[in-house]
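Each chain gets a letter, A, B and so on, in the order its sequence line appears, and its residues count up from 1.
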Number of protein chains: 2
Amino acid sequence: MQKQSTINDVARIAGVSKRTVSRVINGSLSVGESTRLKVEKVINELKYAPNAQARGLASSRSYLLGLIYDNPDALYLDDVQRGVLEVCSTLGYELVVHPCRYQSESLVNDCLRFMRRSKLDGVIVLPPVSESETLALALKESGSPYVRLSSVALDTQEHIVVSDDRAAAAEMARYFAQLGHEKIAFISGPQRYKSSTERMEGFQLGLSAYGVKIPAEMILEGNNTFETGIECAKQLLQRIKRPTAIFANNDQMAAAVLKVAYSLGIKVPEQLSVAGFDDNMLASRVTPSLTTIRRPVRQMALLATTKMIMSIEQNHKAAANVAAKVAPTLVVRESTGRCQSSDTEN
Amino acid sequence: MQKQSTINDVARIAGVSKRTVSRVINGSLSVGESTRLKVEKVINELKYAPNAQARGLASSRSYLLGLIYDNPDALYLDDVQRGVLEVCSTLGYELVVHPCRYQSESLVNDCLRFMRRSKLDGVIVLPPVSESETLALALKESGSPYVRLSSVALDTQEHIVVSDDRAAAAEMARYFAQLGHEKIAFISGPQRYKSSTERMEGFQLGLSAYGVKIPAEMILEGNNTFETGIECAKQLLQRIKRPTAIFANNDQMAAAVLKVAYSLGIKVPEQLSVAGFDDNMLASRVTPSLTTIRRPVRQMALLATTKMIMSIEQNHKAAANVAAKVAPTLVVRESTGRCQSSDTEN
DNA sequence: TTGTAAGCGTTATCAT
DNA sequence: ATGATAACGCTTACAA
């Protein structure tokens, strides 16, 4: 375990000042070609690597990005992480993960402390935490670069990447209507989340274009977990007049519908069409595989990280120019089909 | 965005030297009670928080832990992360995640650079990367605290947390045998991974206790993905003499078996018993739900992190005393049942 | 183009 | 028990 070599070692051996070594490290243009080569040679020989802490202390930069989330969905989180890290690693940043409790009163303080403690250069905030305006405000006031992922354009271009969940849900509505479904149910996510209301409204609007309306009793609220999906599905499917199609706010709950339908002997898609939202791993694993909406999660993460780093590196204009909107797309699989209900009454 | 207050501000206002403030922060015993109170009061008033970088630079500590992994499935990774972070947050550490490529030649250098760059206090290494002895050796030589998660006791107590996959697989074998199965197949993971060979050997050994042997053609190798699971399952189930029970190296592949069985009209568990390994989310979501082995992943993460931090804080003996072995357990669900095959020939 | 000197905010050393 | 003062390894004025 030999001691790490420092900038001083490099300077001494290369016979230049440490300031010059620093310039080489940071790619300054004002370094003579021969000097640069000489220094680089020594750097390689010594396997010198700058100390990030010292660097940070001097320049008030840490090359550390934070990821703030409160998300029960492991698959979503993993997708995001992969996307973020892809950009991070090529640009020399590292990622510090920070789960937190959205509902907690101490959310804002907790997050700010997190940023200060590790002197993060910026944070990426995932839904639903990203919907907290108080947090966003605090971040803005503290001058910390941040980017939010959301289904609504809650912030300026520089600070957000949104997925148009509303339009995607409308597309699902269109698809359902074209399959001839009229008795349609919707299992929503928590109404306090923007993503939930966006999807619900998009779906309703989409249906209304076809003259289809979802009666109140056909709209149930789950909390995006498989378990609540089971509850809602039971309520919906044990009725006399059960729906011929169910759209769930996410794949977890849609998978739950499949499960309940199976236990009730209801055939999918023959007697019941089911669709979810996310297109996570689950969607293709279950039987029948789920028709769903694919969220380009990884792409959002890439965009957010790029935006983030541009902000950090002072290209605010460039940051605002990175695409800020992505469009989820319909993925048709086995769980949906034409409405075959014989009773055409209403 | 007001400037952060520093230790100097605290010292000045409290009317003591910064060394004393430092002592208070670090809970030194040699500080007078009245002095301590005075300083703590100022700290609170100023909302002072020590700068981690400066602290790290001076003490060569970063309060940063690293998590090194290569594409374990998202659910496993998430479980680990939650466990690690649970300990981290209570002990004042942050977690930096670092995916890498196990197969890459630059694995060792990549990981070492990662550690140096961010001056990590220690790293937790997940399988299969944890099985790389060259990496472990490099880590040891560089004097970096590290803890490995594995299915085999590859290292000293201080550096490892193992799950006894072999015993768990043997338990599954016992369960299968007691259900009366004799024509049993196994879909293994990549044989270059210890976890794969452990599970396979455990399963075979367990069966042999009941006089059951798996013929070579009933052992197929997948790579732990759903897709290869599909391939293997097709090969196994389209035979004339197909097995009455299949044990897969993980839940992903077991779910694939379910899918193939369904498409072939083979009833599970009536005509075919299926079991997986992991007990991740998938296991309870699919239909029928999967009998599997529950790996106490979160618990392993907790133990590893505790061990890690004890090592960092110089309690090597204590670190070695943290439990290093956990036992996965059999979880019986709907996908397995008594062997009902009519033909008893071999 | 290159170098000198002064920080950055802590902890460590050694006095007192 | 407390305090000067020197590191820690780097960047940033400011010169030269």
Side-chain angles (χ1 to χ4, degrees), chain A residues 2-40 42-43 46-64 92 116-121 312-314, chain B residues 2-40 42-43 46-64 92 116-121 312-314:
Chain A
Q2 60 176 0
K3 209 168 158 307
Q4 280 299 310
S5 42
T6 76
I7 199 174
N8 292 306
D9 302 325
V10 177
R12 183 170 31 78
I13 297 176
V16 298
S17 78
K18 65 202 255 189
R19 177 65 253 239
T20 298
V21 177
S22 173
R23 286 197 178 92
V24 172
I25 295 168
N26 295 291
S28 162
L29 298 170
S30 49
V31 178
E33 187 58 20
S34 62
T35 316
R36 145 169 297 114
L37 289 173
K38 188 168 55 180
V39 172
E40 281 171 347
V42 177
I43 287 181
L46 261 46
K47 294 191 180 176
Y48 163 74
N51 176 325
Q53 291 182 313
R55 209 177 188 187
L57 184 57
S59 63
S60 47
R61 289 274 307 273
S62 65
Y63 292 90
L64 252 32
R116 275 205 307 267
R117 245 187 71 84
S118 302
K119 286 283 177 293
L120 303 181
D121 287 346
I312 293 170
E313 301 183 345
Q314 308 299 346
Chain B
Q2 60 176 358
K3 211 168 157 304
Q4 280 298 309
S5 41
T6 76
I7 199 173
N8 292 307
D9 302 324
V10 177
R12 184 169 32 77
I13 296 177
V16 298
S17 77
K18 64 204 259 188
R19 178 67 249 241
T20 299
V21 177
S22 172
R23 286 195 178 95
V24 172
I25 294 168
N26 295 290
S28 161
L29 298 170
S30 49
V31 178
E33 187 58 19
S34 59
T35 316
R36 147 170 295 114
L37 290 173
K38 190 169 52 182
V39 172
E40 280 171 347
V42 177
I43 287 181
L46 262 48
K47 294 191 178 175
Y48 163 75
N51 176 324
Q53 291 181 314
R55 210 177 188 186
L57 183 57
S59 63
S60 46
R61 289 274 306 274
S62 66
Y63 292 91
L64 251 33
R116 274 205 308 267
R117 244 187 72 84
S118 302
K119 286 285 178 294
L120 302 181
D121 287 345
I312 293 169
E313 301 183 345
Q314 309 298 347

| remark: For B:Ser28 and B:Arg36 the tightest heavy-atom approach is O-NH2, 3.1 Å
| With the sugar-phosphate defined as primed atoms, P, OP1 and OP2, and the base as all remaining atoms, what B/S/- string results for nucleotides 11-16 of chain D, 5' to 3', for protein heavy atoms under 4.0 Å? | BBB---
| request: Take the protein atom CG of A:Leu29 and the nucleotide atom C1' of C:dT2, then report the distance between them rounded to whole Å. | output: 15 Å
| said: If the cut-off is 4.0 Å, is A:Ser17 near the phosphate of C:dT4, judged by side-chain N/O to OP1 or OP2? | reply: no
| field | Gap between atoms CD and P, on A:Glu33 and C:dT1 respectively (whole Å) | value | 11 Å
| query | What closest approach, in Å, do B:Leu64 and A:Ser118 show between heavy atoms, and which atom pair accounts for it? | reply | CD1-OG, 4.5 Å
| said: For A:Lys119 versus A:Ser62, what's the shortest heavy-atom pair and its separation? | reply: O-OG, 2.6 Å
| task | Find which nucleotide of DNA chain D each of A:Gln53 and B:Gly15 is nearest to by heavy atoms, and output the residue with the more 5' nucleotide. | result | B:Gly15
| request: Grab the two heavy atoms, one from A:Tyr63 and one from A:Asp121, that are nearest each other, plus how far apart they are. | output: N-OD2, 2.7 Å
| Whole Å only: how far is the CG atom of B:Asn51 from the P atom of C:dC8? | 12 Å
| request: Could you tell me the separation between the OH atom of A:Tyr63 and the C1' atom of D:dC10, rounded to a whole number of Å? | output: 11 Å
| query | For A:Asn8 and D:dA6, what is the distance between atoms CG and C1' respectively, to the nearest whole Å? | reply | 15 Å
| Minimal non-hydrogen separation, B:Arg116 against A:Ala49, with atom names | NE-CB, 4.2 Å
| Do A:Ile7 and A:Ser22 pass the side-chain contact (heavy atoms from CB on, under 4.5 Å) test, and can you show the C-alpha distance, the side-chain angles, and the key distance before you say yes or no? | CA-CA 8 Å; A:Ile7 199 174; A:Ser22 173; 4.0 Å; yes
| task | Would you mind classifying the nucleic acid contact of B:Ala49 as base, sugar-phosphate or nothing, using non-hydrogen atoms under 4.0 angstrom? | result | sugar-phosphate
| field | Contact under 4.0 Å: B:Thr35 side-chain N or O vs D:dT2 OP1/OP2 | value | yes
| Spacing of A:Lys38 atom NZ relative to C:dT2 atom C1', expressed in whole Å | 11 Å
| field | Residues B:Val39, B:Val10; criterion side-chain contact (heavy atoms from CB on, under 4.5 Å); working and verdict | value | CA-CA 7 Å; B:Val39 172; B:Val10 177; 4.2 Å; yes
| query | How long is the line joining CZ of B:Arg116 and P of D:dG9, in whole Å? | reply | 14 Å
| query | Rounded to whole angstrom units, what separation is found between the CG atom of B:Leu57 and the P atom of C:dA12? | reply | 12 Å
